[in-house]
*Asks:* 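Below is one structure. I have some questions about it.
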Amino acid sequence: MVVCRDQVGWLRHLRLQWKLLGAMVLVAAVAATFAAAASYTARSAREATSRAARTLRIIGLEDDAQAALIAMQTGYRGFLLSGDEQLLQPYATSGPVYTVRVGDLQAELADDPQEVARWQELKERIAGWQQEVAEPTIQLRRDAIAGRATLDDVAARESAGETQRRLDSALTDMADAITLQQAQLAEQGQRADEASSVLQWLVLAGLLAIVGTGVLLAVVVGRDLKGPVNSLTQAARKLAAGDLSQRIRLARRDELGEATSEFDRMADELERLIRQNASILRAAGEGILGLDAAGRITFASAAASRLTGRSVADLVGREVCSIVHPSSGERSHAPGACPIKNSVAAGELHERVEDVFTCSNAPAITVEYTCAPIVEDEQVTGGVLTFRDIAERQRAELERLTRERAELARIQAEVARQASQRAEDTQRFLVHATDQLMASLEWEVRLHRLAQVAIPFLADTCLVYLLDDTGRLRLLASARAETTPEAMIPELDRWWQAHAGEVPTELAAVLVSRTSGESGAPLLPWTAILARLAGPGQGRGQPFGLMVLARVSPGASYTVEDVALANELAPRAALALENAHLYQQAQQAIRVRDEFLAAASHDLRTPLSHIKGFVSTLRQTDVEWDEETRRDFLAEIEREADRLAQLIGDVLDLSRIESGGLEPMERAATSLGDVISGGLDRARRLLDGRELAVDVPSNLPAVWVEATQIERVVANLVENAVKYTPSETPIHLSASQVDGAVELRVDDEGPGIPPQEVDRIFEKFVRGSSTRASKAGTGLGLAICRGIVEAHGGRIWAENRPDGGARLVVRLPLALETAKRSG
Amino acid sequence: MRPTILVVEDEVPMQKYIRANLQARGYDVLGVGTGADALRVVGEQTFQAVILDIGLPDRDGLDILGALQHDAGLPVLVVSAGGRETDRQRALELGANGYLAKPFGVEQLLTRLEGLGVRSSATPRRIE
């Protein structure tokens, strides 16, 4: 690191522009000082000169005044001596001149009152002389000329006037004044000289001071700048030479400070980049050799050093051909045959996927290499040789494969462990589920257990559907985990009803799912397994229901194992339900049997009660019955005995029908009209005069029936209509051909059948509401009818007619159709 | 005045049997076939006792037992062809004054009727 010696402590923080400005201001100040002094000195000199000039003027004026006085004296004396008026002329002319000159002098000397007074006094003395002496003397001389005075008079007068003394004294005074002025002049001249000399010195000294200040400032500022600039230069030079540690670290805030700190930052960045490049080169797995245009190595990566068996320092500067020889084990190439040098020389990329490098200092290596030229300004300046040990890569590849295989084996083991765990869980689940399902034989209990049993192991919501009589699936049980919103059950049900509603035909469970992305987004996304319930028992694999096992949560899913488990659970569930159903049926059968016994016992006991009553009556001895009454009682006994016999017959018939013992063995193609006539003959005694309208077309096709049995059906139906309708209403019997069958209808105009009984009236001992019944029957008539009709492959049902009254319908197969079917 | 017995029975032969025997022994008898008729006539007429069949066409005879006993203040003899012990129990629990299972003979009928405290003033007579 270069540390700048910088002694001008405070100065270094000052910015350069301020430094220069300060220096200029300083120089200007010095110059101004000297200029001011010079100006002052020059003014003094000027003043001295002008004062000398005035003094010269004054001396001139004084000389003039002296000359005028002398001229006056000369003219005066000449006139006095000669009397020549002409000689008096200078006196006359010089008098005013003298006065004017003295006035001028006084004006010039205005600032010197002493001199003004001196000249005033001189002026008055001369004026006094003129008045007192000269003028009277001149007059006297003129008088002498004219003869009015003598010359002696003139001389006397003149001598009395002391002209000589007066004028001499005046002239002496004047000479004094001039001498005084001359002395002043001399003094002033000397002062002007002094001033100009001072001025000269000042200019010289000023120049020297300015130059000196400039030099001093240049030295100071130069010293302030020189250090850092030198440091900068020095550091830059060293940095360029490769010393990356060069920093200036100058603690100053001026432009140089900024420049040096920029330099430091640049050096930092450069060092970082170079170190980064170096570490990249070090880290690069490939050997990298930088080449100059002549094929000499300029840099080498760590891998290149390792692969060639030479240090980086050893590599740099050598010819690449002396280090590695591409191709096929030859020790060297013929001149100009090295593909690397050729590539660099030609500026062309040279690549080989596989080659052998023979190294001068290391074993030969199998490589993949690339030689790329470096082109700057369309000039090949060198190249980069990149080579990679393929053997190393192959080794690494092998290692990677081995590692991956080991990882795969570990994963397989884990999967197997999980699978076995899963199998165990699954088994436990199935055992638990079966236990739960079998725990109760009750249908309802099993249904609800079934809904609950899969939760939470296989589902968090479960819906159980079973087929109803119309073949539609009906939701009979549902359950959900605590975490599932209650609303999900109707949601799933709605979806199910809207999208399928039928048992899937596939044997295996089906997976469906619904995410929030669809239109009419669900409450929560869900995935469900649809497992059909098909019994192994009576149904013989026919599906009778469906389990919807759903997982309700974002991201919930089912695996193949889950579906398989559902496939395991479904038959168990089906079996459990089937068993429960059989149990329910058995219970129902027992109940029906009990009810039948109760009804049969009641119905058998009724005629028996009557017989016993009348027999008991006839046996009483306390009452004597007349003959007619006795006969009536006996007739009652006989009638009730018949009723008993018919009832027993009906019960036996029905029992035979139910056990299949009343199969129509003697079937023949029979006219329905004949059968109806026979039936009406049987019922005639019951009609009791009721109006009966029969509408049977004569051209009906034959039916395949045993006539006696169908006659009984007709009789029973008519008897039923008679019993359940008011005696004044008519009964209609009609027949027609319908869809390959013949339909027989018995209509009445009674109150109709209550809706809840329409399907039940064909059951044993079920008698319609007895308000309709005027006579008690056995309660077996319609049950026997159904047994007979169904044994013939026909169908019987009841309905209420829209315009009132009941209709009982029997549909019997045609003889032709039956014959066709059978063969 | 002869005591009048109300017979509520839908089976015509049974009604005929009871009526013949009671009339022969000095009772007046009114027979009705439904529960509704029974409730109607007890409001119109005075009876001494009721013979009530359980198996009525319009309703269970025991349903009107309370109305006949308490509202009309009549002793009731319940008869039934059900043959089940539960019928007797139900009838007696509901407060029937007597119970008679069908079939029954004349002596049983008369005994039970007398058990209700109903006696005929007349001696048996020959029916002409």
Side-chain angles (χ1 to χ4, degrees), chain A residues 594-595 597-644 647 723-724 751 754 765-779, chain B residues 7-27 29 31-37 51 53-61 79-87 100-112 114 120 122-128:
Chain A
D594 286 352
E595 281 171 8
L597 280 178
S601 144
H602 178 274
D603 283 37
L604 289 169
R605 207 183 294 268
T606 298
L608 195 62
S609 304
H610 302 158
I611 293 168
K612 172 158 180 155
F614 288 113
V615 170
S616 166
T617 302
L618 290 171
R619 284 186 65 236
Q620 292 300 312
T621 52
D622 61 333
V623 177
E624 284 183 32
W625 305 99
D626 60 30
E627 192 52 36
E628 191 186 346
T629 307
R630 289 174 65 88
R631 269 203 299 278
D632 180 34
F633 287 171
L634 288 171
E636 286 286 354
I637 289 168
E638 190 177 17
R639 221 175 5 251
E640 292 303 308
D642 287 347
R643 184 174 159 189
L644 194 56
L647 191 58
K723 270 197 281 184
Y724 287 97
F765 294 112
V766 172
R767 276 171 283 192
S769 300
S770 300
T771 41
R772 301 171 67 234
S774 59
K775 294 189 175 75
T778 62
Chain B
V7 177
V8 188
E9 169 66 67
D10 63 322
E11 289 286 342
V12 178
M14 178 56 71
Q15 212 179 78
K16 187 177 187 177
Y17 154 58
I18 295 171
R19 180 198 298 270
N21 278 288
L22 294 188
Q23 282 177 345
R25 288 171 179 83
Y27 298 95
V29 173
V32 294
T34 65
D37 285 347
I51 295 171
D53 184 20
I54 286 182
L56 295 176
D58 59 342
R59 59 208 298 180
D60 189 328
V79 296
S80 167
R84 285 170 297 206
E85 183 56 23
T86 49
D87 284 349
L100 200 52
K102 293 178 185 176
F104 53 82
V106 178
E107 294 90 346
Q108 286 165 295
L109 175 66
L110 294 176
T111 308
R112 289 296 155 87
E114 280 170 14
S120 137
T123 52
R125 62 186 173 93
R126 184 189 163 87
I127 304 295
E128 299 297 329

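Lettering follows sequence order; numbering is per chain, from 1. All heavy atoms count here, side chains included; hydrogens, waters and symmetry mates do not.
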*Asks:* Using a cut-off of under 4.5 Å for heavy-atom pairs, which of E640(A), R619(A), K612(A) has the most such pairs with chain B?
*Replies:*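 It is K612(A).
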
*Asks:* When you compare the side chain of T606(A) with that of R643(A), does any pair of heavy atoms fall below 4.5 Å?
*Replies:*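 Yes, close enough: below the 4.5 Å cut-off.
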
*Asks:* If you look at every heavy atom in D53(B) and V79(B), which pair is closest and at what distance?
*Replies:* OD1-O, 3.1 Å

*Asks:* Looking at R605(A) and A81(B), would you say the former's side chain and the latter's main chain have a donor-acceptor pair under 3.5 Å?
*Replies:*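 Yes: the side chain of R605(A) pairs with the backbone of A81(B).
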
*Asks:* Would K102(B) and E11(B) pass as an ion pair if we require N to O under 4.0 Å?
*Replies:*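 No, this pair does not count.
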
*Asks:* With a 4.5 angstrom heavy-atom cut-off, is it the side chain or the backbone of E628(A) that approaches chain B, or both, or neither?
*Replies:*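 Looking at E628(A), nothing touches chain B.
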
*Asks:* Under a 4.5 Å cutoff for heavy-atom pairs, which residue among Q620(A), R639(A), E636(A), E627(A) has the most contacts with chain B?
*Replies:* Q620(A)

